[in-house]
Amino acid sequence: MPEPPDLTAAFERAGLVDVAYARLDSPLGELLLASSGRGLVRVAYLDDARAEELVLSELAREISPRVLRVPRRLDGARRELDEFFSGARREFATPLDWALVRTPFSRSVLRATAQIPFGQTRSYGQVARAAGAANAFRAAGGALGANPLPIVVPCHRVLRADG
């Protein structure tokens, strides 16, 4: 039986791709990257057999059911991540889409976290303060735990106050 035709280009021309996704092999394991028309919306670790299915379902439910594998739309983000992992990049220029971040406070926490320079760390309290709520360090931790853009939004740079 012949292979079905690849209709990706036709779907893109017709404006039928709201979320494009691709995979990336990284030193941390395989990642799934997804991008909307506004920017990178999801970075997910594919650490088990169902991870990709769950992430794609989340994207379809939360953003649009028009999710399609279009690797070329993520070439810039994949290149930046490859450069980061090889040590040639210290910050990301890829536009970000915060659509999967549900609350204004969580968005403020993640925006503050995205500003932490390479090689530096912050405490949960410092991030909460930068987000406008100095005493909300536990809530900042919750926002960081739900970060839809790990690595690019470096939640790994946020530590407990005691290090």
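Residues: numbered from 1 along the sequence shown.
- Glu62 has a carboxylate O that lies under 4.0 Å from a charged side-chain N of Arg102, or vice versa, which qualifies the two as a salt bridge.
- Counting heavy-atom neighbours within 6.0 Å of Glu91 CD, excluding the residue itself, gives a total of 12 or less.
- Atoms CZ and CG, from Arg38 and Leu96 in turn, are 12.0 Å apart once rounded to the nearest 0.5 Å.
- Neither Leu149 nor Leu46 shares a network with the other; the hydrophobic side chains, linked directly or stepwise wherever heavy atoms of I, L, V, M, F, W or Y lie under 4.5 Å apart, form separate groups for each.
- Side-chain atoms of Glu80 come within 3.5 Å of backbone atoms of Ala93 as a donor-acceptor pair (strictly under, hydrogens ignored).
- For the atom pair Leu24 CG and Ile151 CD1, the distance stands at 8.5 Å (nearest 0.5 Å).
- A continuous path of hydrophobic side-chain contacts links Leu74 to Leu28 [ILVMFWY only; heavy atoms under 4.5 Å].
- Between Glu53 and Arg50, at least one side-chain N (NZ, or NE/NH1/NH2) sits under 4.0 Å from a carboxylate O, which counts as a salt bridge.
- Here the shortest heavy-atom pairing between Ile63 and Val41 reads CD1-CG2, 3.4 Å.
- Using modelled atom types, one side-chain atom of Arg107 and one backbone atom of Val101 make a donor-acceptor pair closer than 3.5 Å.
- Residue Pro148 comes nearest to Pro150 through the heavy atom pair C-CD, 3.3 Å, listed as atom of the first residue, atom of the second, then distance.
- Aromatic ring orientation, Phe92 versus Phe84: tilted (interplanar angle from 30° to 60°).
- At a threshold of 4.5 Å between non-hydrogen side-chain atoms, the residues Pro117 and Gln120 count as touching.
- Cluster membership for Trp98 and Val43, using ILVMFWY side-chain heavy atoms within less than 4.5 angstrom, is shared.
- Of the inter-residue distances, the one linking Thr94 atom OG1 with Leu81 atom CG reads 7.0 Å to the nearest 0.5 angstrom.
- No donor-acceptor pair under 3.5 Å is formed between the side chain of Arg69 and the backbone N or O of Ala20.
- Atom CG of residue Leu110 and atom CD of residue Gln115 lie 11.5 Å apart, to the nearest 0.5 angstrom.
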Checklist line | Candidate pair Glu58 and Leu100, rule side chain to side chain contact (heavy atoms under 4.5 Å, CB included), full reasoning | finding: CA-CA 9 Å; Glu58 171 197 31; Leu100 294 176; 4.2 Å; yes
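- Leu33 and Tyr45 fall within a single hydrophobic cluster, where Ile, Leu, Val, Met, Phe, Trp and Tyr side chains are chained together by heavy-atom contacts under 4.5 Å.
- Val67 and Val55 fall within a single hydrophobic cluster, where Ile, Leu, Val, Met, Phe, Trp and Tyr are joined by side-chain heavy atoms under 4.5 Å apart, directly or via other members.
- Of the inter-residue distances, the one linking Leu31 atom CG with Phe85 atom CZ reads 5.5 Å to the nearest 0.5 angstrom.
- Val158 pairs in a side chain to side chain contact (heavy atoms under 4.5 Å, CB included) with only one of the listed residues (Ile116, Thr121, Val109), which is Ile116.
- Closest approach of Val19 to Ala34, counting heavy atoms only: CG1-CB, 3.9 Å.
- Judged by distance alone, the side chain of Ser35 and the main-chain N or O of Gly39 form a donor-acceptor pair under 3.5 Å.
- The shortest heavy-atom contact between Ala22 and Pro71 is CB-CA, 3.6 Å.
- Annotation for Asp75: atom CG counts as buried by contact number, over 12 foreign heavy atoms lying within 6.0 Å.
- Rounding to the nearest 0.5 Å gives a distance of 13.0 Å between CZ of Arg78 and CZ of Arg73.
- Under the ring pair (Phe, Tyr, Trp, His ring centres under 6.0 Å) criterion, Phe137 pairs with no residue at all, not counting sequence neighbours.
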Next item on the list: Decide yes or no on side chain to side chain contact (heavy atoms under 4.5 Å, CB included) for Leu56 and Leu32, but give the supporting numbers first.
Entry: CA-CA 9 Å; Leu56 296 177; Leu32 182 141; 4.2 Å; yes
Check: Hey, mind stepping through Asp97 and Leu40 against side chain to side chain contact (heavy atoms under 4.5 Å, CB included) and telling me if it holds?
Finding: CA-CA 6 Å; Asp97 179 349; Leu40 188 66; over 6 Å; no
